[in-house]
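So the structure is just underneath, and the comments pick up after that.
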Amino acid sequence: MKSYHSFAWKELKAQKITSILILIAIILSTMMTTVIGQSWGILQALRVQQAQNLNGNRYVTFHNLTYDQKTILEKDGRLSFVGSHIVLGTSRLKNSGISLQLREYDENGLSIYPAISKLKKGRLPEKAGEIALPQDALDYMGFKGDIGDTITLDLYVSLFRDAEVFYEYQADFTLSGILQSNYLGYGSGVVIGIAGSGTAEELLPQKYLVYSTDFRTADKGSFQHTVNDLAVKTGVSKNHIQYNWIYLNALGIEYDKGDIDEGKTRGFSYMTLTGIMTGALVLLAAGLVIYNILKIAVSKRIKVYGTLRALGGTKGQLYSLVTQQLVMLCLIGIPLGAFLGVISASGITKAATSLFSPEIFMANNQEELNMLISQNSTGKLLPLLISAAITLIFSFLAAMPAARYAAKVSPVIAMNGITVKVKRKNRKEKRIRNFEAFYARLNMKRNAGRTAITILSLLMSITVFVAVQSFSKLLDASKDIRKLHLGDYSVTNDTTGFMPSIVEELKIPDGVSSFSTLKYSLYKQEKDGSLSIETGFELMPGETLQIIGVDEARLNALMPSLTKEQMQKLKDGKACLVKNPIAISYGGQPGSATSFVAGDSILLANNELEVLGNCDAVTLDNAGFVNGVQVIVFDTVYDLLTGKSTYSELYVILEDGADTEAVEQKIEQICNETSGSRWLSYRNTDKQLEESYQQIKLLAWG
């Protein structure tokens, strides 16, 4: 068989449809891997920029620093950026559940918070007494004036994790600018205002002239070591160190997670693993297509292979025949797929960035966006070679079963055209109602293996679709911020509370999907340390006792590891969850705090409760954690312990396409009828978070 090698090319030309189908599969799989390689750097850069926009371009913040301590950080050569701000105080915005925090930034500090410094009108404050406030804060304040008008604020300020009563004062400011509304702070209940340089020194006592200093380290690998060393040099306690976990996770930097929820610490390595799995699914789907087509082609040409065997062709030559056909197709398909992949990646990026405003992509203008993309494009030879190698390997793996099938067929059997022995079971005669369907079933049964592969190929297409959708969601750095609020609206009354009938009223408007409820009672110590509720334990000085009743879904969210037996104990009033207080330092000396762990027993109102574990703090109306012991129990158990049945807060969750106007009218009506009530919408927050993810989703789906 001197002309054996040329026979492979003749076979391809003789089976044009089969060859074209295999070629298309090779081209598309190569395009997919090439696009992933070319776009990966851009997607990661946009994910990092999203994290910056959400929570600042900073790695960590040291709080309660003196001027000298701040200077130590500014002079340290291991830091690539250092910026600071002073908190002038917080002002409660009436009937909103939102507070305005006024900050004075130094010349570097404001640059890393792009989301809070976007001007709608006027200019940023430059001198003492000038402020710039967001539009939504002015609306809640009922401000009807304009730039240059005087605004009076009632402020209170305290040190970070301070045990003493906060300092309250009133001050007049000149409005120099109106900032764009930033709804990202609604999840924590705080919006930020900006004050001019020198304002803090004029208004605050010396005790409160302390700095919160943000910084980034030059070396990401030694990040935690650098932070620990700087904490020792400046004398900052662990409680005054705040990590920007959203940004650090996006960058894949290892850090001391401490009490941070493990669900918030998924790093980029997990995203990379998911990306590899998704790519493998895509290649597996393409491989199944190639295998199925080759298997059909080999079956159709089985007489030809039998003739070749009779003429002296060896098994190895037949094995090589199928392989060489695939090599020829790969030599055409892989370069073409790689070229189309590079073109596609570039086209998708340009299309996604040109059809929308740069603000959606978290850039100030088109030039800034183009620079970001060009800096992170990975149009290099290595990703192309890797893509070609992966496609080639998967294609050969897919071709091996068909090649083996062609090589092992007996010449006699193959030339007779009989490759398998058909065994038919004795069938009862019955009426054939649809001959086409009957014949189709018979045809599928003749080659069960081929039928199974065909079904598996279709199944893999659906699997790839679901995997890509899940993978694109993993790129979203804002998903954990959305967990900071439980519903689309919060309806709060921390005085008289809401009667249970209110929940039924809120179900009336169309589109209300479900509710999450919260009951809250705060008990402060008297001068002698006693409480107005009977307990079997004593609190440390300055601590409070909070009894909180929540529904089953909230209990599961607070402790996902709860078993059915433990949940039943909670419902029966035999168990609870606990959030321990924070130990506060007095005069520089470390303090002690009340502490309960799993297995302990708590006596409350003559009821003994087993502690099932410790959980995150449950806060009321974004007011922050009031330091003390939180005992979290099931809804009805709260009624038994406290003697009250009113709800302190309701979280309304809407269906897609709900009539929001009708729901808001009903909420407004309930608040007007119940004195001391207020409500807050998180729909703008969710919309802003979704917009911050749009550029990544568009590119990922492309």
Side-chain angles (χ1 to χ4, degrees), residues 63-64 90 92 99 156-168 188-189 207-208 237-242 258-261 494-495 518-550 554-555 558-559 570 575-633 637-638 640-644 648-649:
H63 292 282
N64 286 7
T90 303
R92 295 185 179 91
S99 297
Y156 66 92
V157 63
S158 62
L159 300 179
F160 189 75
R161 295 189 174 179
D162 193 5
E164 299 181 18
V165 179
F166 45 75
Y167 171 70
E168 294 183 279
S188 58
K207 174 184 176 180
Y208 298 102
S237 67
K238 186 177 181 180
N239 289 336
H240 290 163
I241 300 175
Q242 189 177 49
D259 296 330
I260 295 176
D261 182 6
D494 51 11
T495 53
L518 174 68
K519 297 177 179 179
Y520 183 95
S521 288
L522 174 66
Y523 299 91
K524 295 183 179 180
Q525 297 185 56
E526 302 294 339
K527 292 182 179 179
D528 59 357
S530 63
L531 298 167
S532 58
I533 184 173
E534 186 177 347
T535 65
F537 57 90
E538 294 184 358
L539 299 175
M540 293 293 177
E543 294 179 349
T544 63
L545 172 64
Q546 301 155 54
I547 301 179
I548 298 168
V550 294
R554 188 75 179 273
L555 286 170
L558 289 169
M559 186 168 288
L570 287 164
C576 66
L577 305 179
V578 169
K579 164 62 180 174
N580 287 318
I582 300 168
I584 303 297
S585 300
Y586 293 89
Q589 298 297 321
S592 57
T594 305
S595 180
F596 296 101
V597 296
D600 290 346
S601 293
I602 292 179
L603 186 64
L604 274 178
N606 294 321
N607 289 272
E608 187 173 350
L609 305 173
E610 177 190 350
V611 178
L612 298 181
N614 302 111
C615 62
D616 290 338
V618 178
T619 60
L620 176 64
D621 193 29
N622 295 317
F625 175 56
V626 180
N627 198 33
V629 177
Q630 285 192 341
V631 180
I632 298 101
V633 296
V637 179
Y638 170 91
L640 176 66
L641 297 176
T642 63
K644 297 185 290 185
S648 303
E649 194 157 32

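The salt bridge (charged side-chain N to carboxylate O under 4.0 Å, His left out) pairs that include a residue from residues 519-542 are K519-D635, K519-D639, where partners are two or more places apart or lie in different chains.
Contact between V629 and P581 at its shortest, heavy atoms only, is CG2-CD, 3.8 Å. L620 and E649 get closest at one heavy-atom pair: CD1-OE1, 3.4 Å. When all heavy atoms are compared, the tightest approach of L612 to L570 is CD1-CG, 3.8 Å. Here the closest heavy-atom approach between residue Y208 and residue F166 is recorded as OH-C, 4.5 Å. In terms of heavy-atom proximity, A575 sits nearest to V633 at O-CG1, 4.3 Å. Taking every heavy atom of both residues into account, L539 and L545 meet most closely at CD1-N, 3.9 Å.
In this structure a side-chain-to-backbone donor-acceptor pair under 3.5 Å is missing from N627 to E543. Counting only distance, with no hydrogens or angles, the side chain of N607 and the backbone of A605 share a donor-acceptor pair below 3.5 Å. The backbone N or O of F596 sits less than 3.5 Å from a side-chain atom of N614, completing a donor-acceptor pair. Here the side chain of Q525 pairs a donor or acceptor atom with the backbone of M540 at under 3.5 angstrom.
Atoms CD1 and CG, from I547 and L640 in turn, are 10.5 Å apart once rounded to the nearest 0.5 Å. For the atom pair CG of L522 and OG of S532, the computed distance is 9.5 Å after rounding to the nearest 0.5 Å. To the nearest 0.5 angstrom, N606 atom CG is 10.5 Å from T535 atom OG1. With values rounded to the nearest 0.5 angstrom, E168 atom CD is found 11.0 Å from S158 atom OG. Atom CD1 of I548 sits about 9.5 Å away from atom OG of S521, to the nearest 0.5 Å. In this structure, CG in N64 is found 5.0 Å from CG in L159, a value given to the nearest 0.5 Å.
You'll find the side chain of R92 reaches within 4.5 Å of the side chain of Y156, heavy atoms only. The shortest distance between side-chain heavy atoms of V618 and L518 falls below 4.5 Å. Counting heavy atoms from C-beta outward, V611 and I602 have side chains that approach closer than 4.5 Å. The shortest distance between side-chain heavy atoms of V578 and C615 does not fall below 4.5 Å.
Taking the six-membered ring for Trp and the full ring otherwise, Y638 and Y520 have centroids separated by 6.0 Å or more.
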### Task
Give the C-alpha distance, both sets of side-chain angles, the deciding distance and a yes or no for side chain to side chain contact (heavy atoms under 4.5 Å, CB included) between D494 and S648.
CA-CA 5 Å; D494 51 11; S648 303; 5.6 Å; no
